[in-house]
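The structure appears right after this line, and notes come after that.
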Amino acid sequence: MPELPEVEVIRRRLGETVLERTIASIRVTESNYTFLTSPRELRKHLVGQCFTRINRRGKYLLFELEGQGCLVIHLGMTGQLFSSRALSPRLVQRSARTKGKPTDRFEPDKHTHLTIVFADAGDHLYFRDSRKFGKILWLGAKERSPRLERLGPDAVGITALQLTEALAGRRAAIKPLLLDQSILAGVGNIYADESLYAAAIAPTRPGQDLGPQEITALARAIRHVLKRAIALGGSSIDDYLHPDGSDGSFQKQFAAYGREGQTCRRCGGRIQRIVMAQRSAHYCPSCQR
DNA sequence: ATCGTTGCCTGAGGGC
DNA sequence: TGCCCTCAGGCAACGA
């Protein structure tokens, strides 16, 4: 599930595929996919234009057209963005499965909702999203999107002061608070668990009960965990892959997430999984306080 | 204002 | 082998 590090890695690596190339056409699959901006409208804005820059806000990617606005993409749970040159056995297997026939390379399938074709006849860009939680919309230069306006400060640069202000008066547990994109933008379930582990704070602690030292430690842990994950290319579990089809490797470094029943690397205790706000939280009850 | 819950969606994996 | 069930979770919308 793409969170800030995965989205950032895609942002950095997608440049060579999409920047400064004239868009020839936009293809939509059999799609009953819900485009927040209709494909017709997207075509109107994009065809004949070039993306000049890719920005990121939390988990949102913003593909800018100089001065005109941007194509906004949120990957949701299973969204993927990759080049038609991507060679990935996993990807090929999946498209073969959904197409019901064996193929030796990726072919757009029923989950491939959008294809951006460039005029230079090089590779094109696919957006694929089996669970359809992803979002695609056009945002004009002077338009504002409530989705983006709502976002809190970007998690990778979160300061102790920002976190202190955000947590003041919050009775809810710290774990669901970290997942709230209006508090800080970019953290999802994996990195919330990993950050709380790194800061040795239990996910069940009410936000307002964290002391200054704990908040400082937590802010530092969030920044550190996210940067380290970016450096390792993100976490490839389930659907996430790089635009070229390769995998990230941060999943090999998980200390808490997905390690239920395994030994805590810090204190030798046992990692536990509990459910909070309908989501799993993994932590070590003996050293996360 | 804040908090917790629900629904959206489909593939994977377990049990039988 | 195949069927049914449950689970995964980002986010908006909802009710309390």
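Lettering of chains follows the sequences in order, A, B, ..., and the numbering in each one begins at 1. The model shown is predicted, which means the values in this text are computed figures rather than measured ones.
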Take atom [atom1] of [X] and atom [atom2] of [N], then tell me their distance rounded to the nearest Å.
| X | N | atom1 | atom2 | result |
| --- | --- | --- | --- | --- |
| Leu151(A) | dG10(C) | CG | C1' | 12 Å |
| Met77(A) | dG11(B) | CE | P | 13 Å |
| Lys110(A) | dG11(B) | NZ | C1' | 10 Å |
| Leu178(A) | dC11(C) | CG | C1' | 16 Å |
| Gln208(A) | dA1(B) | CD | P | 17 Å |
| Ile183(A) | dG10(C) | CD1 | C1' | 15 Å |
| His282(A) | dC7(C) | NE2 | P | 14 Å |
| Lys135(A) | dG10(C) | NZ | C1' | 8 Å |

Strictly by Watson-Crick or wobble contacts shorter than 3.5 Å, is anything paired with dT1(C), and which nucleotide is it?
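Its partner is none (no Watson-Crick or G-U wobble pair with both distances under 3.5 Å).
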
Side-chain N or O of [X] versus OP1/OP2 of [N]: is the shortest distance under 4.0 Å?
| X | N | answer |
| --- | --- | --- |
| His111(A) | dG11(B) | yes |
| Arg150(A) | dA12(C) | yes |
| Lys132(A) | dT10(B) | yes |
| Ser280(A) | dC7(C) | no |
| Gln181(A) | dC11(C) | yes |
| Tyr257(A) | dG9(C) | yes |

Please pick, from [options], the nucleotide with the shortest atom-to-atom distance to any side-chain atom of [X].
| X | options | value |
| --- | --- | --- |
| Arg131(A) | dG10(C), dC9(B), dT2(B) | dC9(B) |
| Arg171(A) | dA8(C), dC3(B), dG10(C) | dC3(B) |
| Leu179(A) | dA8(C), dC11(C), dG10(C) | dG10(C) |

Carefully, step by step, assess Asp193(A) and Arg259(A) under the rule salt bridge (charged side-chain N to carboxylate O under 4.0 Å, His left out).
CA-CA 11 Å; Asp193(A) 282 358; Arg259(A) 296 194 69 241; over 6 Å; no

Counting any heavy atom closer than 4.0 Å, what does Lys59(A) reach on the DNA or RNA strands: base, sugar-phosphate only, or nothing?
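Sugar-phosphate, no base atom in range.
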
Is Arg128(A) touching bases, backbone alone, or none of the nucleic acid, heavy atoms closer than 4.0 Å?
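Nothing, no nucleic acid heavy atom in range.
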
Strictly under 6.0 Å, is that where the ring centroids of Tyr191(A) and Phe250(A) end up?
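For Tyr191(A) and Phe250(A), the ring centres are under 6.0 Å apart.
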
Quick check: on DNA chain B, is the nucleotide nearest Ser130(A) upstream (toward 5') of the one nearest Leu177(A), or the reverse? Name the residue that is more 5'.
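Its nearest nucleotide being more 5', the pick is Leu177(A).
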
What I want to check is whether an N or O donor and acceptor connect the side chain of Arg279(A) with the base of dA8(C) at under 3.5 Å.
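Absent.
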
Got more than 12 heavy atoms from elsewhere within 6.0 Å of CD, Glu16(A)?
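12 or below, so no.
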
Starting at the 5' end of DNA chain C, which residue's closest nucleotide do you reach first, Tyr60(A) or Asn189(A)?
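This one resolves to Asn189(A).
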
Distance (rounded to the nearest 0.5 Å) between Arg220(A) CZ and Leu163(A) CG
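Output value for this atom pair is 12.5 Å.
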
Can Arg265(A) be said to sit on top of Tyr197(A)'s aromatic six-ring, NZ or CZ under 6.0 Å from centre and within 45° of the ring axis?
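Not flagged: Arg265(A) not positioned over aromatic ring of Tyr197(A).
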
How are the rings of Phe51(A) and Phe63(A) set to each other: parallel, tilted or perpendicular (split at 30° and 60°)?
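Tilted.
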
May Phe133(A) be described as stacking on the base of dC8(B), applying a 5.5 Å centroid limit and a 30° limit on plane angle?
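It does: the two rings, one from Phe133(A) and one from dC8(B), meet the stacking criterion.
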
